[in-house]
K.L.:
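Structure incoming, see below.
Sequence lines set the chain letters: A, B, ... in the order given, protein chains first and strands last, and positions in each chain run from 1. All values reported here derive from a predicted model rather than from experimental measurement.
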Amino acid sequence: MNTTRRGLSFYLLAAFFALFVLFLYGPTATILVLSFQGPEGGLTFPMNGVSLHWFHNLFEQQAVGDFGGSFRRSIALGLMVMVLTVLFSVLAGFAFRRRFTGSGALFYLAVASLIVPSILVSLGIGLLFNILGLEPTWYGSALGAHLTWTLPFGLLIVFAIFNRFNPAYEEAARDLGASPWQTVRHVVLPILLPSLIGVGLFGFTLSYDEFARTLMTAGSFNTLPLEIYGMTTNVTTPVLYALGSLTTVFSFTVIGLFLLGLIALRRHRLRRAAAAG
Amino acid sequence: MTAGSTVELVKLRKAYGTTVAVDGIDLRIAAGSYCCLLGPSGCGKTSTLRMIAGHEDITDGDLLIGDSVVNDDPPAKRGTAMMFQSYALFPHLDCTDNVAFSLKMKGVAKDERRRRAQAMLELVDMGKYAARLPAQLSGGQQQRVALARALITQPGVLLLDEPLSALDPFLRVRMREELKRLHRDIGITFIHVTHSQTEAMALADLAVVMNQGRIEQAGPPRELFNRPRTAFVARFIGGHNVIDGSVIGGNGDCAVRTDRILLGDAELPTEIQVEGTVRALEYHGASVHLSLDVAGADEFAVVLDEARYFDAPVAVGDRVRAGWSQRDIHPLAS
């Protein structure tokens, strides 16, 4: 019997996986292709020539939509969410390492918010601001709404990170005379840094493409997902696809930069070691 | 280097909730001696070490290092330094920065602390690896760096938590020799936790056998081996058969060293004789190890000199007589 022969299951599963990849990247690829539509082209195939016309068009005054402004707002919001998520997830992670009274209940309370439908969170926060007579803004109410999503996630990840963290490092630091703050500053944070960069990236991307939680909370100025959604109903030219392509490229760039940062960090540590080794 | 400190435990007790890990032990470790805390896992030896180090709160009793009670002092104030089981070298720092860590915490200037760290690395023969990261070192090299990092604090007592268990057997023997050499050279007190009686025998001036949170026996290795106080010590130290005394006309358990037993027929030149069946047989080069099924003993081993065994070889399943002298019988406390 030939044991290396692949059975039917292999081909079925391979086909299934191919479909999965196709559905994952097919739509994005379609939009990418269509964004190079000629100046006379429409929203669907066939391609009517190939051009960068719609990318140019994107940076000109639009009849509807404010692409540049919404893009800047989304990035600023994403960065704020990123910083706050990392900061508070880590602080909460430290707190939860020591069992305190009610820590279990508090944890479930925090994580249970993940299953609340996001549109309800959005609606609730919008409503609350209304009742309190506050103006909803993307940097206020929407920021809060995003944090209801990223903080529990960040907390879960930080729990996993701390679970893998060997407490002997902290004991060693204490043994060598480090104060609690010195231990955190010189031992715990540097060791966890790569993982924390991951938490930050996660927080940023969750916020950057969040739609439902922003919908009722953004106030008068749109974030990018809201803007794109608005444009799908109003804009009838491939400029929409150009926007889609550009933001996708941007997302990949951000992830790429983070990965490069991680590699550079590792290189830096290794190079210092190799220099004299 | 500073001279070693005495360490004294007075009714030292550690409880985790209702579980008692260390049950009120008394022990005095002389300055500059090499003490091994020995026992099976869960016997309380690691909890004891961690209480001495200050990484575990003392539930009850007193801990004296030098002349002062240090129960509530933080680790760095006790004049102890600990080498952790997995060494716990900081993975993001190179060897120099790892060793210099305690100096940095004290605010010693960079040049000064790097110079002293380098000198300390030279002492453990790691000078040329100063710029390596821990992940780029072998287990033995990591251990040397961990030693240097502990010693740079100039402790009076060095605490070692199973320092050799992460090494392969060959390296273990070599590092054992180096620990002993280092101990002789710097003259401070070493307290070394291990579950290996070989390690304790090879290293200790004072071996402390622990069981269920209590000290079964403390003394020089030779005393433990030749005069085990209890059946537990005799079994744990190894090289002994524990026999129910009534089988050989006495009372209470007694111990007989496995290498003092001879096999043979009626003309054995020994006063005490038992009969048994050979269950297993192992050739060890210089000696041959036999396991016998003998009434009155759970395990009964005989270690015969190779030449003596092959003068009159036996096979598995044979009925044999085993005998030994009256003076080789060592009574045990229950």
K.L.:
Could you pull out the closest heavy-atom pair between B/Tyr87 and B/Leu167, with the gap in Å?
P.N.:
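In terms of heavy atoms, the two residues are closest at OH-CD2, 3.5 Å.
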K.L.:
Using side-chain heavy atoms (C-beta onward) and a distance below 4.5 Å, is B/Met83 in contact with B/Leu159?
P.N.:
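No - every pair of side-chain heavy atoms lies 4.5 Å or more apart.
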K.L.:
Give a yes or no on whether the backbone of A/Phe162 and the side-chain of A/Arg97 come within a donor-acceptor separation of less than 3.5 Å.
P.N.:
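Flag not set: sc A/Arg97 to bb A/Phe162 has no pair under 3.5 Å.
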K.L.:
Can you check whether anything in residues 32-51 of chain B gets within less than 4.5 Å of chain A, heavy-atom wise, and list it by number?
P.N.:
B/Arg50
K.L.:
Looking at the rings of A/Phe159 and A/Phe107, which for Trp means the six-membered one, are their centres under 6.0 Å apart?
P.N.:
yes
K.L.:
Using non-hydrogen atoms only, which part of B/Leu89 is less than 4.5 Å away from chain A: side chain, backbone, both, or neither?
P.N.:
backbone
K.L.:
Please identify which of these residues, B/Arg116, B/Glu122, B/Arg115, meets the side-chain hydrogen bond (donor to acceptor under 3.5 Å, both in side chains) condition with B/Gln118.
P.N.:
B/Glu122
K.L.:
In residues 183-194 of chain A, which residues are in contact with chain B at a heavy-atom separation under 4.5 Å?
P.N.:
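A/His186, A/Val187, A/Pro190, A/Ile191, listed by number.
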K.L.:
Looking only at the aromatic ring of each residue, does the gap between the centers of A/Phe71 and A/Phe250 stay below 6.0 angstrom?
P.N.:
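Yes - the distance between ring centres of A/Phe250 and A/Phe71 falls below the 6.0 Å cut-off.
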K.L.:
Sort B/Thr96 into side chain, backbone, both or neither according to what part of it lies under 4.5 angstrom from a heavy atom of chain A.
P.N.:
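Neither part; nothing is under 4.5 Å.
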K.L.:
Please look at A/Asp175 and chain B and tell me whether the side chain, the backbone, both or neither of the residue comes under 4.5 angstrom of a heavy atom of that chain.
P.N.:
both
K.L.:
With chain A as the partner, which of B/Ala150, B/Ala88, B/Ala76 has the greatest number of non-hydrogen pairs under 4.5 Å?
P.N.:
B/Ala88
K.L.:
Supply the atom-to-atom distance A/Arg174 CZ to A/Leu176 CG, rounded to the nearest 0.5 angstrom.
P.N.:
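Going from the CZ atom of A/Arg174 to the CG atom of A/Leu176 covers 11.5 Å.
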K.L.:
Pick from B/Arg149, B/Met105, B/Lys106: which one has the most heavy-atom pairs with chain A under 4.5 Å?
P.N.:
B/Met105
K.L.:
Checking the side chain of B/Arg78 only, and the main-chain atoms of B/Asp73 only, is there a donor and an acceptor separated by less than 3.5 Å?
P.N.:
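At least one qualifying donor-acceptor pair exists.
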K.L.:
Please confirm whether A/Tyr169 and B/Phe84 have ring centers closer than 6.0 angstrom.
P.N.:
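For A/Tyr169 and B/Phe84, the ring centres are not under 6.0 Å apart.
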